[in-house]
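The chain is numbered in sequence order, starting from 1. Treat the numbers as computed from the prediction; the structure is a model and nothing was measured.
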Amino acid sequence: MPGDLAASPFRADRDRISASAFFARLGGVTQVVSPSGSGLLLHNRLTHSLKVAQVARAIAERLLADPVSSAQVEELGGLDLDVVEAAGLGHDLGHPPFGHLGESVLDRLARERFALPDGFEGNAQTYRVVTRIDVRGTEGNGLDLTAAVRAALLKYPWTRHSAVPHEPERLPRGASEPAELPGSGAAKFSAYSTELDDLVDARSPFDKAVPEWQQTVEASVMDTADDIAYAIHDLEDFHRVGILQFTTVHHELQEWLGRCVEFAAEDELRPGDPRPGASLELLRRRLHDKDEWIADDEAFAAAVKKVRTDLAINLLEVPFDRSQQAEQTVVRFSGDWTRRLVEGVRVHPEVEPRSGHVSLAPEQWHEVQVLKFVHRHFVLQRPDLALHQRGQDRLISNLVEALDEWLIDEAEVAPHRLRDLLDLARQEFDELPAALLPEGVEVSTLARGRAVIDFVASLTDDQAAALLEALSGRTTQLWNDTFVL
């Protein structure tokens, strides 16, 4: 009944997320490629989140329409359309300015400058936004979301330093330490120590349905939808701005197909090998090392062939010229691939640690890995993108330093929102058990660091740049505190 639908607490959660100022802010946060100067409408974190929500709902509808998968998800804790849509809308609320570069810079500064053991992580920041930083009304912190929606936002249901009950070689995806940061804790996690109690509370209704380290079904649907959107929609942007070129992409894929037996016979293959096809061969080997439970050479070769045909030949062979025909080609590519991947989603009552209860079938899983390879190899590793990222690294670093010095020198005239975040962080660290605090570091330093990191993470790309301009004295325009969340 319409009245019952309107009264659904999960629908209310979805509406609170979509009405949040943190959600609106995502329209000013870069996805991968900045649209500045291109004259094109490219994806940002807001449009990406909308598409993840759409794909998540499509996956859930398909699973619920099938009697077998519907019964399976019920046994695993249930699957609600509004919950997965809300999680899709909210999964990037904590994403900082300048894409994943901003995330890594804030993590480094949080750990090195402020000695915050939790550092910074975009998924954990999202959970902090919905439980502590955002506001629903005049009382309390957070959006007061249901346990189901909060649990659906937990892609990695642990903190940075909480133990995950698995052997080192069979840890859940994201739970291992980065090789370049020994002793730093999990690479991916969905809550800081200050939100640990909330994480436990959100997961408690699912204790009997899924292991403590495993995503809920609804989180797994959202995570799969995020993978699908990331693999497809970003490639649209790269084609539109001319970054993806037919010749280079097709050559890499075709050369691997022609030399895969030769590559496989080589005992050692080093990263950076300049031979066409070598980077793709490294991907094949990495999949076997990390995901032996699903990696399959025949499926990998079939995926390379399909991506070569659908992406390189059918999409990239004709440069994007903004014509109606060019737009129709992009739309057809996106629609066909989204449908194909959604139809490849399966429910798995028993799962491997690096998978979820809802995931892609092996055929589509390999295709997503190859699509992501194209994204990473031909876009993220470009020297011109690295140049911009070095500048963005310095911008964020200088902004954090300037705000920290402001709080030390004249906290009483710092931005109102920054002072609010400082008060919140002081209270949180005062309440944390001493065992969770680093030795020899004053609570005031930890609180100041968390407040500055929270503040910078809540800015858009343009707000971060404009605020640093004002703090550096390079502009005479007054900074307006009311534009900050």
query: How are the rings of Tyr230 and His375 set to each other: parallel, tilted or perpendicular (split at 30° and 60°)?
result: tilted

task: Check whether any side-chain heavy atom of Val374 lies under 4.5 Å from a side-chain heavy atom of Leu235, and answer yes or no.
output: yes

- prompt: Any side-chain heavy atom of Arg259 within less than 4.5 Å of one from Arg275?
  reply: yes

field: Evaluation steps, salt bridge (Lys or Arg N to Asp or Glu O under 4.0 Å), between Asp273 and Arg270
entry: CA-CA 6 Å; Asp273 189 316; Arg270 296 181 180 179; over 6 Å; no

query: Do Asp461 and Gln392 have a side chain donor and acceptor closer than 3.5 Å?
result: no

- prompt: Do Glu266 and Leu269 come close enough that some side-chain heavy atom pair is under 4.5 Å?
  reply: yes

- request: Dump the intermediate steps for salt bridge (Lys or Arg N to Asp or Glu O under 4.0 Å) on Asp296 and Arg284, then the final yes or no.
  value: CA-CA 9 Å; Asp296 178 86; Arg284 185 192 68 82; over 6 Å; no

- prompt: Think Lys188 forms a cation-pi with Trp158, using NZ or CZ under 6.0 Å from the six-ring centre and within 45 degrees of its axis?
  reply: no

task: Say whether, by atom type as modelled, one donor and one acceptor occur between the side chain of Thr248 and the main chain of Gln245 under 3.5 angstrom.
output: yes

message: Between Asn123 and Ser190, is there a side-chain donor-acceptor contact under 3.5 Å, judged purely by atom types and distance?
response: no

task: Would you please say whether a donor-acceptor pair under 3.5 Å links the side chains of His239 and Glu236?
output: no

- prompt: Can a salt bridge be assigned to the pair Arg339 and Glu343 using a cut-off of 4.0 Å between side-chain N and carboxylate O?
  reply: no

message: Checking side-chain hydrogen bond (donor to acceptor under 3.5 Å, both in side chains) between Tyr192 and each of Arg132, Glu121, Gln125, Arg128, which is the one that passes?
response: Gln125

query: Are Gln215 and Tyr156 side-chain neighbours, meaning at least one heavy-atom pair lies under 4.5 Å?
result: no

message: For a quick check under 3.5 Å, do Asp134 and Ser20 share a side-chain donor-acceptor pair by atom type?
response: yes

- prompt: Aromatic ring centroids of His48 and His95 under 6.0 Å?
  reply: no

Lys/Arg N to Asp/Glu carboxylate O, Arg111 vs Asp107, below 4.0 Å: yes

- prompt: Ion pair present between Lys306 and Asp310, side-chain N to carboxylate O less than 4.0 angstrom?
  reply: yes

field: Test side-chain contact (heavy atoms from CB on, under 4.5 Å) applied to His91 and Ile17, Asp223, Val52, the passing residue
entry: Val52

field: Proximity of Phe300 and Trp256 rings by center, below 6.0 Å
entry: yes

message: Any carboxylate oxygen within less than 4.0 angstrom of a Lys/Arg side-chain nitrogen, looking at Asp289 and Arg286?
response: no

task: In plain terms, say whether Arg160 and Glu177 are close enough for a salt bridge, that is, a side-chain N and a carboxylate O under 4.0 Å apart.
output: no

message: Would you say His100 and Glu103 are linked by a side-chain donor-acceptor pair, where the criterion is simply a distance under 3.5 Å?
response: yes

message: Is the ring pair Phe333/Trp337 parallel, tilted or perpendicular, if the boundaries are 30 and 60 degrees?
response: tilted

